[in-house]
Amino acid sequence: MSKIRIEHEHAVELLNRLGNRIADVIIGKKQEIQYILAAMLSEGHVLLEDVPGTGKTMLIRTVASSLDCAMGRIQCTPDVMPADVTGVSIYHSKSGEFSFRPGPLMNNIVLADEINRASPRTQSSLLEAMEERSVTVDGSTYALPRPFLLLATQNPLQFEGTYRLPEAQLDRFMMRITLGYPKPEQEVELLSRVRSQEMLENMHPIMLAEEVVAMQREVRQVHVDTVIKQYLVGVAVASRGHDAVRLGISPRGTLAWMTAAQAYAYAQGRSYVVPDDVQSLALPVLSHRIQLKSVNRADSSEVQEQVIREVLSSVPVPVQMSGQGRGRRA
């Protein structure tokens, strides 16, 4: 893929159009859409955790339809094997050679539907792809296309026939997002225009894959003041000492928080991160990264979010920054 450069103003315009397009289909979830766009720009992955029927899969399909990117879908069930996800090597008897037949993981945007229904062995096959952007099949390593974004869904209420995601894999998701039910007036609007499927079929891409990759490069240049970094670390340290927490936020979590904040600031048209950026992203980026000492599994997400709120309230928010880098373009 050839490297292109994209002006920040043009990038913000494209991102606004993309966000509005998705919001036309997924009603009343503008904040959650901004989270997903921030994850995409910061090369992170997203876990959508909610009850059935709240639009998780439709949201992911809308994102994919709005980008000029290839999409793969993995319908996770206990009988899905790692080779069904990553791909297989096929032997050709005439030539005496093997060729690689890619699986659905070898796409730009991958939907792993009901990921907690896949066996632990299959779940683990996603780890290399999520962390290293590659898959290894029969000793050969294949790079994933860029951009690469894994969007997984899971139902937090139904545990029969599911395999809980291990902490190591949860930590590789940049964000965990809950959509929740729409407000009554939003649900009325949804009923008044039941044509989401038709809208998807008629969608044309707003953004090219090359433009997404160019934005990802620019996001890395967004300035993060030392005071902001100290605040991120302060929250992480406070989480490790919380009475209800067995294992607090890891350095990987702190880095993910900062990277997501850079992307969030970039999408807002700024070349520097402000405290509001990190505050806005705290719950989706941090809550799934802490392990609690004792809690009912069904209530764990709510308790984790409450703990993060308590930790945030215990660490002073920076009100003044040095200002270095504010005049620099992203």
Side-chain angles (χ1 to χ4, degrees), residues 1 3-6 8 11-12 14-16 18-19 22 30-48 59-60 63-64 66-67 69 108-110 126-127 129-134 144-152 169-177 207-225 228-229 231-233 235-236 249-289 325 328-330:
M1 181 180 294
K3 288 187 176 182
I4 66 170
R5 181 166 178 80
I6 186 167
H8 196 177
V12 173
L14 286 176
L15 290 168
N16 287 335
L18 179 59
I22 300 170
K30 289 188 176 181
Q31 184 64 72
E32 290 78 4
I33 292 169
Q34 291 302 314
Y35 290 154
I36 290 179
L37 295 184
M40 177 186 73
L41 293 177
S42 51
E43 301 185 72
H45 309 292
V46 178
L47 177 65
L48 289 168
L59 171 57
I60 296 170
V63 172
S66 301
L67 301 173
C69 295
N108 298 110
I109 298 177
V110 178
L126 299 173
L127 289 177
M130 296 173 72
E131 186 71 16
E132 302 176 25
R133 269 57 177 184
S134 64
L144 294 174
R146 295 191 63 194
F148 175 71
L149 175 63
L150 178 70
L151 297 158
Q169 184 150 354
L170 271 176
D171 201 39
R172 282 170 169 80
F173 283 100
M174 174 170 277
M175 298 185 195
R176 181 182 65 187
I177 300 174
M207 197 180 300
L208 301 174
E210 293 87 349
E211 291 173 320
V212 176
V213 174
M215 292 180 195
Q216 291 174 339
R217 287 197 301 269
E218 296 297 314
V219 161
R220 302 186 196 115
Q221 306 305 315
V222 173
H223 177 72
V224 185
D225 196 274
I228 297 286
K229 294 177 182 177
Y231 174 70
L232 302 180
V233 173
V235 171
I249 300 165
S250 67
R252 194 209 318 258
T254 312
L255 179 60
W257 194 12
M258 184 187 76
T259 308
Q262 288 176 293
Y264 198 78
Y266 181 86
Q268 307 300 317
R270 282 182 278 101
S271 58
Y272 55 90
V273 172
V274 298
D276 282 349
D277 297 326
V278 294
Q279 289 278 303
S280 298
L281 292 162
L283 289 182
V285 175
L286 301 180
S287 62
H288 63 290
R289 299 178 185 275
R328 189 175 60 192
R329 296 296 315 161

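As a basis for the values below, the full set of heavy atoms in this structure was taken, side chains included, without hydrogen atoms, waters or symmetry mates. Note that this is a predicted model, so its numbers are computed, not measured.
- In this structure, M215 and M40 have side chains that are not in contact, with every pair of non-hydrogen atoms separated by 4.5 Å or more.
- Closest approach of M175 and Y35 over heavy atoms only: CE-O, 3.3 Å.
- Heavy atoms only, all atoms of each residue included: P284 and I177 are closest at CB-CG1, 4.4 Å.
- Atom CE of M174 sits about 10.5 Å away from atom CG of L149, to the nearest 0.5 Å.
- Under the 4.5 Å side-chain criterion, counting only non-hydrogen atoms from C-beta, Q268 is in contact with Q34.
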What pairs of donor and acceptor atoms, side-chain ones from residues 254-261 against any protein atom, are under 3.5 angstrom apart with sequence neighbours left out?
{"from": "T254", "atom 1": "OG1", "to": "S250", "atom 2": "O", "distance (Å)": "3.3"}
{"from": "W257", "atom 1": "NE1", "to": "V278", "atom 2": "O", "distance (Å)": "2.9"}
{"from": "T259", "atom 1": "OG1", "to": "L255", "atom 2": "O", "distance (Å)": "2.8"}

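- With rounding to the nearest 0.5 Å, the separation of CG in L37 from OH in Y264 is 10.5 Å.
- Using a distance-only test at 3.5 Å, with no hydrogens or angles considered, no donor-acceptor pair links the side chain of H288 to the main chain of L47.
- In this structure a side-chain-to-backbone donor-acceptor pair under 3.5 Å is missing from H8 to S271.
- Across every non-hydrogen atom of G44 and R133, the tightest pair is N-NH2, 4.2 Å.
- Rounded to the nearest 0.5 angstrom, H45 NE2 and L126 CG are separated by 9.5 Å.
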Report task. For L67 and L18, run side-chain contact (heavy atoms from CB on, under 4.5 Å): C-alpha distance rounded to whole Å, both residues' side-chain angles, the deciding distance at 0.1 Å, then the answer. Result -> CA-CA 8 Å; L67 301 173; L18 179 59; 3.9 Å; yes

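- Of all heavy-atom pairs spanning P147 and N108, the tightest one is O-ND2, 2.9 Å.
- Side-chain contact check for E218 versus R5: some heavy-atom pair is nearer than 4.5 Å.
- The closest side-chain heavy-atom distance from L59 to I33 is below 4.5 Å.
- S66 and I22 make their closest contact through OG-CG1, 4.4 Å (heavy atoms, listed as atom of the first residue, atom of the second, distance).
- Here the closest heavy-atom approach between residue I6 and residue A214 is recorded as CG2-CB, 3.8 Å.
- In this structure, CZ in R176 is found 11.0 Å from CG in L286, a value given to the nearest 0.5 Å.
- No donor-acceptor pair closer than 3.5 Å links the side chain of D171 to the backbone N or O of R289.
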**Report entry** Trace of the side-chain contact (heavy atoms from CB on, under 4.5 Å) decision for V110 with F148
**Finding:** CA-CA 8 Å; V110 178; F148 175 71; 3.7 Å; yes

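- Proximity of Y231 to P275: side-chain heavy atoms (C-beta onward) are nowhere separated by under 4.5 Å.
- With hydrogens and angles ignored, the 3.5 Å screen pairs no side-chain donor or acceptor of Y266 with any backbone N or O of Q216.
- Residues M207 and L15 form a side-chain contact, since some pair of their non-hydrogen atoms from C-beta on lies under 4.5 Å apart.
- If you run salt bridge (charged side-chain N to carboxylate O under 4.0 Å, His left out) between R172 and each of E131, E43, E132, only E131 comes through.
- Atoms CD and CD1, from E211 and I4 in turn, are 5.5 Å apart once rounded to the nearest 0.5 Å.
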